[in-house]
Amino acid sequence: MEQRMRRATRGRVAALATVGLMLATGFVAPAAPVQAADTNLVVNGGFEDGLANWFVNNGNASDGAQLSATSDAYAGANAALVTSRTTTGSGPMQDLSGKVQAGQAYTLTARIKYENESGPATKQFFATMHYGGATYTNLVSVTATKGQWAQFNGTFTIPTTQSVSTARLFFETPWTSTPSTDPALHLMDFKLDDVSVVGAAPPAPASKTIEVVGKLPGEHNPLIGHKFGADGFGLVHDGRVYMYMTNDTQGYAPNPTTGVSPGINYGDINQITVISSEDLVNWTDHGEIQVAGPNGVAPFTANSWAPGITKKVVNGVEKFFLYYANGGGSSNVITGASPLGPWTSERTSTLIDGRTPGAEAVAWKFDPAPFVDDDGQPYLYFGGGPASTSMPPAERFNNPKNIRSIELGDDMVSTEGTAAVVDAPVAFEAGHVFKRQGKYYFSYSSHFGGNDFGGSQQPLPGYPGGGQIGYMISDGPMSWPKETYAGVLFPNQSQFFGAGTGGNNHQSVFEFGGKYYFTYHAPTLNKRINGNTTQGYRSPHIQELTFNPDGTIQQVVGTYAGVDQVRDFDPYRVFEAETFGWSKGVATTKVDGSSAQFGGAAPNLVVRDIDNGDWTALSSVNFGDNGAQSLTARVRALAAGGQIQVRLDDVNGPVVGTVAVDTPVGQWAEVTAELDGVSGVHDVYFTYTGPAGVDLFEIDDWAFAADSLDLPVTLTASTRCVGGKAYVAVQARNDHDAPVGITLETPYGERSFTAVAPGANAYQSFNTRAESVPAGSATVRVTGAIGGHDVTTVRTVQHPAGTCGG
Ligand SMILES: [Ca+2]
Ligand SMILES: [Ca+2]
Ligand SMILES: [Ca+2]
């Protein structure tokens, strides 16, 4: 094997820096190494999917070529054709980073052909790996005869010392510095087909699962403990609160050994995380919306920070409009058919950018927050960052005039008119508006001060300090002079959560069930993972918002306790297993198919990374007076011997049922367990047990079944003779502790009774209009309520034959 170094014409320092970063996370074997079968690491090696997964080697700036599909294939319908090569290294490339491993041996095969008439009779080709920087290694070579398919077929072993965090396979001709002096010899076109690299399966990616209990039982902040989420924006719809958040988990990469992740990199974030709750304590994970980036809903945007959402009926259809910051330079919107999508982009360029009238001087055209007024007129608030340097430093700090309000079009995806200044004191970012009792409230995050102002500046008396949430009260949604400033709504979160929790914040306000709530973020989960050190990964929090009689707001105090649970959890339905009050050691992942609870348009997730000792829990579940009879779970066993224990009120509480996950490994199935003595209101812990060191199973959804609810009733039926006719007499005594309705049905007629009191009878004697009646039965329907549930009990009662005068 020949190894050589080349001069990288650019990017070497950056590439090496990346290698260093990746080294910290990439090289620790999974906890339970399994001898996996050899795997082909090349995707679309036969080019039957066209050029998918292939591109032209671009390791040096001078590299370049045209890559196309050709029907002149060695096998199948397609091969790749490379033309217009500018260097000997200019050839088809596929990225195998994260797949090949140091110290492993691989077998490489491929077919190659060249046909240029002016080319040599034979030509050597290399399959080469670019390990980043200037490190290239020729793996396998073949000498082809012009016009014939030649076969690469060889093995290579990656040295144990080789960094493979960047590993890109490509095909080339032998290197020469000035190939253009004889292009027919060095830069010929060639065709490639049937590429494979077979060897050990790729290593499992490092786990992102949060192993600590990040949300402590009994506490309601942070909202979730199994992932991060920042800049939360609350939307109330159809009895649920939806929280849309910047996906801080996207770049989270804890070192497998130290557990510490590199600091957050906002530039990595192009997804928005969605969770929802009907009680503000048990939150369902709806996963991430791939908003931006090449595979995003709006691929013309790169980032998706600081979401803001609202709903509006447009052309008779209720739609959901999700606004977000495309980095600092612009803002955009995507449209949802429901709060959970599906999502589409009605635009092909950003909504707010340097062309937006009135926004030209705004440094950061980000943090878009929508607001729809009672008359249906929509507005958007956005902006932030350092103010114009043309201002005197003190004014620049105190009244930067860097936030804007603008009218949205009726379609919600366009703006109208010119943006107006929001003159918020010491404003920096995170504008938001809500309306209460005819007044408009604008809140925002204040500047941290420092070097933006050519020296330290002091806020004017009454103005907010650094990194606080201030607010203003106005009579109009577009009128925000500095005089409308009303004070600090929320100090910096570090005041409440201590060391390591400072930094930026971003708030929203929503009304739910007659109360107002304030959302903010704090890196409290990050802090619980790493002690007092945090790396900037933020978590969503909620506190109640309380108003004074004059409409001003009482300053919010951040607590781990959070807000009260607004209603008990109803267990008697199918609900997603990715719904947690609290959890330990689990993660979630999106799966194909729709949600059993939220319907066909909604994404569905499952709970994964379930190890022995992990658990999930629900807060304040109401089983009713009659209680639960069974629990059914939809599960996929991943190992034999897994169990789900159902416990009440504590992770070590009494076991009231055990579900054996004894279904075939790898298949989704339903498992059920009988429950014993579960009634009333309890926290419910699902504790997971089984063999150590392996993932036990995944869970999709749960359903509790209530004890069969029967209304107690005592029935009698007899026959008698009146006036020469046979009668069937039916009597039903209400043995329930509340009034019930009773209907008595016979072939000879029926009669209904309402509100039959406890202990009272419903009685009717039905005339058969015959001298005799054969033995038969009557049907009795009893309707009433048990533990708040409407119940109908249907019973039958036999009567004997009867004859008059016989
Ligand atoms: Ca092929
Ligand atoms: Ca786990
Ligand atoms: Ca699910």
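Atoms within a ligand are numbered from 1 in the order they appear, just like the ligands themselves. Worth knowing before you read on, the calculation uses all heavy atoms, side chains too, and leaves out hydrogens, waters and symmetry mates.
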Visitor: I'd like to know if Glu219 and Arg528 make a salt bridge, using a cut-off of under 4.0 Å between side-chain N and carboxylate O.
Guide: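 Salt bridge: yes.
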Visitor: Check the orientation of Phe575 and Phe704. Use parallel for under 30°, tilted for 30 to 60°, and perpendicular for over 60°.
Guide: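 Aromatic pair Phe575/Phe704 classed parallel.
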Visitor: When you check the space around the Ca ion (ligand 2), which protein N, O or S atoms turn up under 3.0 Å?
Guide: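 Metal shell, protein only: Gly585 O, Asp609 O, Asp609 OD1, Asp611 OD2, Asp614 OD2.
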Visitor: Kindly indicate whether a cation-pi arrangement holds for Arg573 with Phe569, taking the cut-offs as under 6.0 Å to the six-membered ring centre and within 45° of the axis.
Guide: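 Geometry flag: set, cation within 6.0 Å and 45°.
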Visitor: Show all protein N/O/S atoms under 3.0 Å from the Ca ion (ligand 1), or state that there are none.
Guide: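 For the Ca ion (ligand 1), the protein N, O and S atoms that sit under 3.0 Å away are Gly46 O, Glu48 OE2, Ala75 O, Asn78 O, Asp193 OD1, Asp193 OD2.
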Visitor: Identify whether the distance between the nearest side-chain nitrogen and carboxylate oxygen of Asp72 and Lys113 falls below 4.0 Å.
Guide: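 Salt bridge: yes.
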Visitor: Hey, what's the ring geometry for Phe623 with His682, parallel, tilted or perpendicular (30° and 60° as the breaks)?
Guide: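 Taking His682 first and then Phe623, their aromatic rings sit tilted (interplane angle of 30° to 60°).
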Visitor: Has Val607 got an N/O/S atom less than 3.0 Å from the Ca ion (ligand 3)?
Guide: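 Of the N, O and S atoms in Val607, none lies under 3.0 Å from the Ca ion (ligand 3), which means no.
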Visitor: Which of these passes salt bridge (charged side-chain N to carboxylate O under 4.0 Å, His left out) with Lys227: Asp248, Asp609, Asp285?
Guide: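 Of the listed residues Asp248, Asp609, Asp285, the salt bridge (charged side-chain N to carboxylate O under 4.0 Å, His left out) partner of Lys227 is Asp285.
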Visitor: Taking N, O or S atoms only and a limit of 3.0 Å, check whether Glu576 reaches the Ca ion (ligand 3).
Guide: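 Checking Glu576: at least one N, O or S atom is under 3.0 Å.
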Visitor: Classify the angle between the aromatic ring planes of Phe125 and Phe190 as parallel (below 30°), tilted (30 to 60°) or perpendicular (above 60°).
Guide: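 Answer is perpendicular, since the angle exceeds 60°.
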Visitor: Work out the angle at the Ca ion (ligand 3) between OE1 of Glu578 and OD1 of Asp700, rounded to 10°.
Guide: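 That angle is 140°.
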Visitor: Can you confirm whether more than 12 heavy atoms, excluding those of Tyr74, are under 6.0 Å from its OH atom?
Guide: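 Atom OH in Tyr74 is not packed in, count stays at 12 or less.
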Visitor: Any Lys/Arg nitrogen of Asp189 or Arg85 sitting under 4.0 Å from an Asp/Glu carboxylate oxygen of the other?
Guide: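 The answer is no: the pair does not qualify as a salt bridge.
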Visitor: Could you tell me whether the Ca ion (ligand 3) has an N, O or S atom of Asn604 under 3.0 Å away?
Guide: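 Yes, Asn604 qualifies, because one of its backbone or side-chain N, O or S atoms lies under 3.0 Å.
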Visitor: Please check if the side chain of Lys146 supplies one atom and the backbone of Gly119 the other of a donor-acceptor pair under 3.5 Å.
Guide: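 Yes, Lys146 side chain to Gly119 backbone: donor-acceptor pair under 3.5 Å.
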Visitor: Report yes if the side chains of Trp668 and Val606 come closer than 4.5 Å at any heavy-atom pair, otherwise no.
Guide: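 Trp668 reaches Val606 side chain to side chain.
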